[in-house]
Amino acid sequence: MTVIHGDRVRLRPIGPADRARAREILAAPEVARWWGDPDHEIEGLYEVEEGYAVYVIEADGVVGLIQSHEELDPQYRHAGIDISVHPDFHGRGLGPDAIRALARHLFAGGHHRLTIDPAAANETAIRAYTKVGFRPVGVLRDYERAPDGTWHDGLLMDLLAGELK
């Protein structure tokens, strides 16, 4: 994995020294609401899997996490992105900048389409993804189990290479 530069952020591969800060980001109530148990989530960030990459988002320190997962079958080749930004850094444009940077990197690597799947009720995330050029594809009903055990819908969004804003 390589370091990726945005206009305002730098994405670098997550390392062992990032574990405490990553857990802090995932444990913030505004993030945990959508991601779930931070202890469970943090372990997943450190699992090594082909086509899966996790980066910390740096801008005056580590402000968030962004990851990609690649479908490597040539017939369906595309990549997905997931992101979490600590609430202290919301509203500054750092999330969209990180998404743009990773999207450019993935498009340059041969992907023609990217997906992202926020909770359908996560209006803040959906606004950020729309700013980058993602478009709604459809609602995934009862897509994800919330920390309280209830199911909620997800919104599948995608972005083609020529649509990045």
>> One pair to check against side chain to side chain contact (heavy atoms under 4.5 Å, CB included): Leu164 and Leu114. What are the steps and the verdict?
In response: CA-CA 10 Å; Leu164 183 63; Leu114 304 178; over 6 Å; no
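- Under a 4.0 Å N-O distance rule, the pair Arg8/Asp60 does not qualify as a salt bridge.
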>> Between Ile66 and Asp82, does the side chain to side chain contact (heavy atoms under 4.5 Å, CB included) criterion hold? Intermediate values first, please.
In response: CA-CA 6 Å; Ile66 190 166; Asp82 212 347; over 6 Å; no
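- A search for salt bridge (charged side-chain N to carboxylate O under 4.0 Å, His left out) contacts involving Glu30 returns nothing, not counting sequence neighbours.
- Closest of all the heavy-atom pairs between Val85 and Gly95 is CG2-CA, 4.1 Å.
- Listed by chain and number, the residues in a side-chain hydrogen bond (donor to acceptor under 3.5 Å, both in side chains) with Asp97 amount to none (sequence neighbours excluded).
- Scanning all heavy atoms of the two residues, the minimum distance from Ala101 to Gly6 falls at CB-CA, 3.7 Å.
- When all heavy atoms of Ser68 and Leu106 are compared, the closest pair comes out as CB-CD1, 3.9 Å.
- Ion pair Glu71/Arg77 not flagged as a salt bridge, since none of the NZ, NE, NH1 or NH2 atoms sits closer than 4.0 Å to an Asp/Glu carboxylate oxygen.
- Pairs passing the side chain to side chain donor-acceptor pair (under 3.5 Å) check and including a residue from residues 115-133, sequence neighbours excluded, read Asp117-Tyr143.
- Put simply, Val9 and Phe107 are part of the same group of oily side chains (I, L, V, M, F, W, Y) that touch within less than 4.5 Å, one to the next.
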>> Assess the residue pair Arg33 and Asp148 against the criterion (salt bridge (charged side-chain N to carboxylate O under 4.0 Å, His left out)); give the C-alpha distance rounded to whole Å, side-chain angles, the decisive distance to 0.1 Å, and a yes or no.
In response: CA-CA 9 Å; Arg33 172 182 180 198; Asp148 67 2; over 6 Å; no
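- Nearest heavy-atom pair, Gly138 versus Leu155, reported as atom, atom and distance to 0.1 Å: O-CD1, 3.6 Å.
- Between Asp158 and Arg135 there is no salt bridge, since no side-chain N of the basic residue sits under 4.0 Å from a carboxylate O of the acidic one.
- Minimum interatomic distance between Arg141 and Asp153 (heavy atoms only, all atoms of both residues): CA-OD1, 3.3 Å.
- Heavy-atom neighbours of Asp88 CG from other residues, nucleotides or ligands within 6.0 Å: above the threshold of 12.
- Here the straight-line distance linking atom NZ of Lys165 with atom CG of Leu159 works out to 9.5 Å at 0.5 Å rounding.
- Atom OH in Tyr52 sits 7.5 Å away from atom CD in Glu47 (nearest 0.5 Å).
- A salt bridge does not link Arg23 with Glu43: none of the charged nitrogens is closer than 4.0 Å to a carboxylate oxygen.
- Between the CG atom of Leu65 and the CD1 atom of Ile25 there is a distance of 4.5 Å, given to the nearest 0.5 Å.
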